[in-house]
Amino acid sequence: MRDPMTFGSGNMIDPFGRSITYLRVSVTDRCDFRCTYCMAEDMTFLPKKDLLTLEELERLCSVFISKGVRKLRLTGGEPLVRRNVMHLVRDLSRHLKTGELEELTLTTNGSQLARFATELADCGVRRINVSLDTLDPQKFREITRWGDFSKVMSGIDAAQAAGLKIKINAVALKGFNDQEIPDMLRWAHGRGMDLTVIETMPMGEIDADRTDQYLPLSKLRADLERQFTLTDIPYKTGGPARYVEVKETGGRVGFITPMTHNFCESCNRVRLTCTGTLYMCLGQEDAADLRAALRASEGDEAVSRAIDEAIGRKPKGHDFVIDRRTRKPSVSRHMSVTGG
Ligand code: SAM
Ligand code: SF4
C-alpha cells in the first residue's frame with residue numbers, strides 16, 4: 001500500500017473526482033517516420049533549445065510520481081530517437097525499485113527496438129506498445145513514408161527475445177488496412193501479442209483528408225464478427241480500450257473509439273510534452289506551462305503547485321468531431337506533440 005506520508009504530497013483528484021495516476025510523457029516531437037495520418041511530410045519540429053533536458057524531464061516525472069502517478073508511459077514523436085533517452089529510462093526505473101511506480105512503459109514505432117530492447121527489459125520495463133498499421137512492407141512504406149518494415153520486425157523479435165510483452169496498436173484506416181485486420185489479428189495472436197485498433201482522431205494539419213481515412217470501429221467489429229467469435233471481456237490495462245476475446249485464437253482485441261464512444265468519464269491521465277507543457281485532455285487546447293515553475297527554483301514546491309492548479313482545470317471530456325464542411329482538425333496540435 002502507498003503511504004502518503006512517505007511518498008509526498010498526496011493524490012491528484014480532478015474537479016470530476018477522477019484520480020490522476022497515469023502520466024504520458026512525450027520526450028521528443030521528432031520522429032524517424034512520417035505516418036500520413038499523424039504528420040505532414042515537411043513537419044517543422046521544435047528548436048532543440050525549447051526542449052527540457054533529460055534531467056529536467058526526470059525531475060518533473062519524479063514530482064508527478066510523488067503526487068500519486070503509478071504508471072508512466074514514454075512516447076513522442078518517437079521516444080527512442082531522443083538522444084540518450086536510456087539515461088531517462090534508467091533514472092526513472094529507480095521509482096520501480098522503491099515501489100512508488102507500478103509501471104514504466106513506452107509506445108514506439110519499433111524502428112529502434114533491436115538496439116534498445118535488452119536495456120529496456122533490464123530497466124524494469126515489462127510491456128510496450130508497438131504501433132503497426134499493416135503487415136505488407138509496400139503498404140508500410142506508403143503509410144509511414146520513411147519507415148523500414150524489416151527493421152520493425154527485427155525490433156519486435158528483439159523485444160520478445162528480451163522478454164518484453166508487446167501490444168500491437170493499429171490505426172484503422174478506411175480503404176487502407178480494414179481488409180487486413182483479420183490477418184493482423186491472427187499474426188499478433190499467433191505471437192502472443194494483443195492487438196488494439198484505434199480510430200483516427202482529428203489532430204493537426206496533415207496532407208491527407210481525414211474524412212476519407214475515418215473508419216468507425218463499430219463497422220470493423222461487425223466485419224470481424226463475420227469471421228471470428230468475439231466475446232466482450234472486462235479486461236483493462238488502465239487505458240480506454242474495450243476488449244474482446246477471440247474464441248478462434250484465444251487472444252484479445254482492444255477497440256479504442258474516441259470518435260464513436262466517449263470514454264472520458266474514467267480518464268485517469270494527463271500528458272506532458274518535451275517542452276514541459278501539461279495537457280489535461282488530449283482533445284482540448286487548454287494547457288499549463290510547468291517549465292517556468294520548474295526553472296524558477298531548485299525546490300519542487302512551485303512545480304507541485306502549478307500541477308495542482310492544472311489538475312483543477314482538467315475538463316470533463318473532449319469534443320472530437322471530424323467535420324466534413326470545414327475539414328479543419330478539432331485540435332490544432334499534432335498527435336506527435338502529446339504522443340497519443
Ligand atoms: N512514434 C510512436 C508510435 O508511433 O508508436 C509514439 C507516438 S505516436 C503519436 C502514438 C500513437 O498515436 C501511435 O499508435 C499512432 O498510430 C497514433 N496516432 C498518431 N496520429 C493519430 C491520429 N491522428 N489518430 C489516431 N491515432 C494517431
Ligand atoms: Fe512518428 Fe508515431 Fe507519428 Fe508515425 S505515429 S509519424 S511513428 S510519431
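Counting convention: from 1, in listed order, for ligands and their atoms alike. Just so we're clear, the structure is a prediction, and the values are computed from it rather than from any experiment.
- Taking the centre and axis of the six-membered ring of Phe149, the NZ or CZ atom of Arg141 falls outside the cone set by 45° and 6.0 Å.
- Counting backbone and side-chain atoms alike, Cys31 contributes no N/O/S atom closer than 2.8 Å to atom 3 (Fe) of ligand 2.
- What sits closest to atom 3 (Fe) of ligand 2 on the protein, heavy atoms only, is Cys38 SG, 2.4 Å.
- Taking every non-hydrogen atom of Thr200 and a distance limit under 4.0 Å, the qualifying atoms of ligand 1 come out as 24 (N), 25 (C).
- Between Asp308 and Lys67 a salt bridge is recorded (basic side-chain N to carboxylate O distance below 4.0 Å).
- Ranking protein heavy atoms by distance to atom 10 (C) of ligand 1, first place goes to Gly339 O, 3.6 Å.
- Distances below 4.0 Å separate heavy atoms of Cys35 from the following atoms of ligand 2: 4 (Fe), 5 (S), 6 (S), 7 (S).
- Separation of the Phe33 and Phe140 ring centroids falls under the 6.0 Å cut-off.
- We find that Glu56 and Arg295 are joined by a salt bridge, their nearest charged nitrogen and carboxylate oxygen being less than 4.0 Å apart.
- A salt bridge does not link Arg242 to Asp232: none of the charged nitrogens lies less than 4.0 Å from a carboxylate oxygen.
- Ion pairing between Lys139 and Glu180 holds under the 4.0 Å rule for side-chain N and carboxylate O.
- Taking a cutoff of 4.0 Å between a charged side-chain nitrogen and a carboxylate oxygen, Asp178 and Lys174 do not qualify as a salt bridge.
- Ligand 1 places these atoms under 4.0 Å from at least one heavy atom of Val171: 16 (O), 26 (N).
- With respect to Glu225 and Arg221, a salt bridge is recorded, a charged nitrogen being found less than 4.0 Å from a carboxylate O.
- Looking from atom 12 (O) of ligand 1 to the surrounding protein, the closest heavy atom is Met335 CG, 3.8 Å.
- Tyr22 and Tyr279 fall into different hydrophobic clusters, where Ile, Leu, Val, Met, Phe, Trp and Tyr side chains are chained together by heavy-atom contacts under 4.5 Å.
- Close approach of ligand 1 to Cys38 (heavy-atom distance below 4.0 Å) involves ligand atoms 19 (C), 20 (N).
- Residue contacts with ligand 1: Met39 is excluded, as none of its non-hydrogen atoms falls under 4.0 Å.
- At the shortest separation from atom 8 (S) of ligand 1 among protein heavy atoms lies Gly76 O, 4.4 Å.
- Taking 4.0 Å as the cut-off, Gly77 counts as a neighbour of ligand 2 on heavy-atom distance.
- For atom 24 (N) of ligand 1, the nearest protein heavy atom (residue, atom name, distance) is Met201 N, 2.7 Å.
- Only the backbone of Thr108 comes within 4.0 Å of ligand 1, counting heavy atoms alone; no side-chain atom from C-beta on gets that close.
- At least one N/O-N/O distance between Glu78 and ligand 1 falls below 3.5 Å.
- With hydrophobic clusters built from ILVMFWY side chains whose heavy atoms lie under 4.5 angstrom apart, Met86 shares a cluster with Leu101.
- Under 4.0 Å from ligand 1, heavy atoms of Thr107 appear from its side chain as well as its backbone.
- When the options Gly77, Ala170, Ala172 are ranked by their closest heavy atom to atom 1 (N) of ligand 1, first place goes to Gly77.
- Every atom of ligand 1 with a heavy atom of Thr75 under 4.0 Å away is listed here by number and element: 6 (C), 7 (C).
- Using a 4.0 Å cut-off between charged nitrogen and carboxylate oxygen, Arg82 and Asp29 do not count as a salt-bridge pair.
- With ligand atoms numbered from 1 in the order given, ligand 1 contributes 3 (C), 4 (O), 5 (O), 13 (C), 14 (O) to contacts under 4.0 Å with heavy atoms of Ser131.
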